[in-house]
Each structure stands twice: as C-alpha cells, then as structure tokens.
Amino acid sequence: MNESQRQVSGAPSPPANQPTSPRDFTKRDRCTPDGKRRPWQRHLRTFGSLTAAGQVEAALSFATTAALVRLVGVTDAGQVFFVQSVAAVWFLLWDPRFEEAQQRFVPAERLRGPGRATRLYHRLLRLDIAVGLLATFVGVVVAVVAAVIGWIPTELLTLLVPAVLGAGVATPSGSASAGFALADELSRLGAFRVVLAVFGCLVTLTALLTAGPVGYLAATVVTGLVSTVVLTAGACRWLRAAYGPPVADPMATPPGLVPFLVKTSVTGSVSVGSESGVSLLAGLLGGPALVTYLKVATSMARFFVSFVSPVAAQLYPRLAHAGAHGRRTAVMSDALRSSALTGAIGALAVVVAAPLTGLLLGLVYGAEYMLLSTAAVVFLAGAALRGTVIWGKVLPTALGFPGVRLAFVAAEGVCQVGMIVTVTQLWAGPARMTLAFAWGSLCLLALSTACWFLVLRVLVATMPRVSVPTAQVHKPIG
C-alpha cells in the first residue's frame, strides 16, 4: 500500500520507534491531539524548541537583572524586586490555574462532538482574562488606598502600580501556552517565546536607561501585554485549526472541572508562591539589599532550572500513558533515566561553575557581588539536586495522585518561609543571611530529593498490574 492509499484508508500510523517517511515531517502529516504517538523526531524538535526558548528567556532575564542592579544600585533594585514579589503573591491569591484545566478537559470535550473542545477552551480563556482584569483593578485600588491612608510611601506606590499592571497583563499567558500544547504546536510556541523575549529585553533596557526603575516596570507592562496578545491570538488560531470552529450550542460545565480547579490552584499557588513569599519576607525582614542579594545569588540556579524544566513537559505524556496501562517498569525506567541524565548535567554544571562563579558575578553585576560566589554555588548545587527528581513535577498527577505533589510543595514552602525568618533573626548583614539561607535550602532539597525517590517506589508499587491474557494449554490425554 502506498502513502496516498494509507491516508485514504485511515490505516494507523507506524509506531514511534519505527522509521517514518519524510512526509511525516510536513505540516499536513503532523499528528493532531487525538492520542496518536508522534515520531521521536517531533519530540526532539519540541524539546529543542522549548529548551532554547527557556535558555534565551533566562539569559535575557539575567542580563536585564544585571543591568538594573548596576545602574540603580542595590537598594533601588531591591525595591523593584520587592514590589514584583508583592504583585506575584497578590495574583497567586486570584489565579485558578485555568491552563491546567484546559489541558485536562478540552481533549475529553472533543469526544462529545465537533467544535465543543474549542468552545470550552474559549470559555475558560475568557474566564481567565476576566479574573485577571478583576484582580488587576482591585490590586491597583488597594495600592492607592494603602498609599492614601499612609500604609505605604508614595515613592513605593509609583513602583507598585506598574508592577501590579505588569503581572495582570501576563495573567492569560498560561492559557495561551495551553492552547499551543492542545494544538500540538509547542515548537511554534518556543519560537514565539524567543522572539518575544528578545523584544522584551530591548524595550526593558531602553526604558531602564531613559526612566530608571519606574520605566523598567512600565516596560514590563507593555512587553507583557504584547506577549499575551500575540500568544493568545496564535493559540486560538491553531486550536481552531486542530479542533474546528466553536459551536454555538449551550454547554454544561464538564463534571469534575471545579474540584480539579481547586486542587490545581492550591498546588500551583503554593509551588510558585514559595519563591515569591521568600522574596516578600526578605524585603520586609531584611530590607531591599537582602532581596537583591538573593536575586543575584540564585541567578545561576534559575538558569539551570530553566534548562532542565522541559524534561518534565516531555515526561508527562509518557508517564501518563504508562500509568494508564499499568506498565510499572516503564514508569520506573523513565524516571530513573531522566534522573541519571539531569543528575549528570547538574554535577557537571556545579564542577564547572565552582571556580568561575566569583569572576562571573564580578563581570556581570560588579565587584561588590563577588562575595556571593559561595552562596551562588550552593544554590546551584540545590538546583542540581532538584533536577535529579524533575519528574516529581508531573509523576503524581500523571499517575492520579495530585495530592502528593501538593504535600511536597506545601512542606517545602513552609520550610523555606521558616528559614528566611530564622536567618534574618540570627545573622547580621545581607551577605551572611544569603549564605545561611543557601545552605539551609541545600539541606532541605537534599531531604526532599531522598523523599521523592522513596515516593517513586511507593507510587509505582501502587500501580495496578496489567493482566496479560495467555492461551489455554490443554494437557495431553493419557
């Protein structure tokens, strides 16, 4: 049977581990989100695109942070990081994590009829935008009222308002990314992110040079709005092409959607809020200098995390498929192989960075930040440990135990908040506080990593075994 006959007859595509024709790499022959497995070349292309996007975003964020610290000083930069943390915590209280619900319920809605999946995605997207607008309006009003009654100084208000606006315009970006994933266009998403990151860096640096910290924060509003509009328009376009135009019939809320939103919202808020909460408490208890020192010392760790994070996105469908079929060996081998790969990369990163960190911090941020080299290496070592269990971000949900990850992120968040409070009370000076917090974080991540490997064994052991039917063998007569 030739290629055209195969397409007409609807024969299944070859497995992912077998060679495919060059036509499989064309747009017409791409797999749609209907459960078919993509060839390994598609996985590699998607991973490369997302990894490149993450590295470009991390590098440009590193550059803009360094420029801010050098141009305005440690105190003013700390105030900028502080108001951004306040805005992040504010929106975490409002964020229902619609993007995770979209990836969970939109494909199932497609089975109920053509256009229903697109309609559900658009409905959740509109709700996401509405929540973002409401949270932004209320946040600005609260900030203004707090300044009027004297709770915050006017100088801080001029920074807090653009920080809230910048976080607000970026609220629907999660739903936009989910739309690209549902349309099987993650490689396009990576390309968009690279272009938008370069655009955002140029605009932000220009505003910083012309208007200082206020211009820096105002630029995040403009670039965030442009990114959200571009990504949302692209997501709607390619999702419509993949799932068809939305139907106009009235629809009921899919069963289980609201409880799922509650669980994912709590888990996501706790996970993201731990870092923002630490920065917020550092600013309140240790001052703007501590916030800046923490930002500088963790820059290499954040860069490493952005490099290994796409591994989790690639593991999720594999683990979910293996878990649904009770393939314990496949789940265990995928997790351990990823641990070996990311662990080796992390160890290499620590060995290479250890003798060069002081020089790098001095060149990028200034000579006065070279004293943070030890703390930066310790934070990088913690990120390397975290990378060895990168599958922990998706394994519990893929196997049907979302509460496990919630327990982990809640415990880690409480410990991190307790540590930042402790170091600000027991140590003097932002440099010593940063180093103490780095060692405490490393110990916490080492304990968390060991617990994740124990949980891996438990979760795999609880998977149901698949009964393989065997042919009945009759004994010979006589």
Side-chain angles (χ1 to χ4, degrees), residues 12-20 24 31 33-48 50-51 100 103-104 107-108 181 184 186 260 263-264 267 271 305 307-348 384-409 445-473:
S13 57
N17 59 350
Q18 292 184 4
T20 56
D24 291 328
C31 299
D34 57 359
K36 294 182 180 179
R37 187 177 298 178
R38 297 178 294 180
W40 67 269
Q41 291 92 342
R42 279 277 290 178
H43 285 287
L44 184 61
R45 178 183 177 185
T46 300
F47 176 78
L50 294 179
T51 302
E100 297 189 16
Q103 295 194 64
R104 175 69 181 271
D184 199 17
L186 285 175
F260 184 86
K263 293 179 181 179
T264 56
T267 303
S271 177
V305 170
F307 179 78
V308 299
S309 290
V311 175
Q314 296 289 337
L315 280 176
Y316 184 85
R318 293 176 59 89
L319 294 175
H321 183 268
H325 292 80
R327 296 165 54 194
R328 298 183 177 182
T329 303
V331 172
M332 182 67 76
S333 62
D334 279 347
L336 294 181
R337 278 200 300 264
S338 67
S339 293
L341 175 62
T342 55
I345 295 174
L348 179 62
L385 281 177
R386 170 71 76 199
T388 59
V389 289
I390 193 67
W391 41 262
K393 297 175 64 175
V394 295
L395 177 68
T397 305
L399 299 185
F401 300 96
V404 173
R405 173 161 168 75
L406 175 59
F408 265 87
V409 297
L445 291 174
L447 178 61
S448 176
T449 300
C451 292
W452 269 118
F453 280 110
L454 293 177
V455 169
L456 172 64
R457 294 178 61 89
V458 174
L459 292 182
V460 172
T462 57
M463 291 174 55
R465 293 185 180 273
V466 176
S467 57
V468 181
T470 57
Q472 185 178 3
V473 180

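From a predicted model like this one, the values you see are computed outputs, not experimental measurements.
- Of all heavy-atom pairs between Pro396 and Gly392, the closest is CD-O, 3.3 Å.
- Nearest heavy atom pair, residue Lys393 against residue Arg405, reads O-CD, 3.5 Å.
- Minimum interatomic distance between Val311 and Ser338 (heavy atoms only, all atoms of both residues): CG1-CB, 4.2 Å.
- Remark: Phe307 CZ is loosely packed, at most 12 non-hydrogen atoms of other residues, nucleotides or ligands lying under 6.0 Å away.
- With sequence neighbours excluded, the residues satisfying side chain to side chain donor-acceptor pair (under 3.5 Å) with Ser339 are Trp391.
- Between the side chain of Arg328 and the backbone N or O of Ala461 there is at least one donor-acceptor pair closer than 3.5 Å.
- Among residue pairs with one or both ends in residues 445-457, those qualifying as side chain to side chain donor-acceptor pair (under 3.5 Å) are Glu412-Ser448; sequence neighbours excluded.
- Shown here are the side-chain contact (heavy atoms from CB on, under 4.5 Å) partners of Leu336, two or more places apart in sequence or in another chain: Met332, Phe453, Leu456.
- In this structure, the separation between OG1 on Thr388 and CG on Leu341 is 11.5 Å, given to the nearest 0.5 Å.
- Residues Leu395 and Val404 form no side-chain contact, since every pair of their non-hydrogen atoms from C-beta on lies 4.5 Å or further apart.
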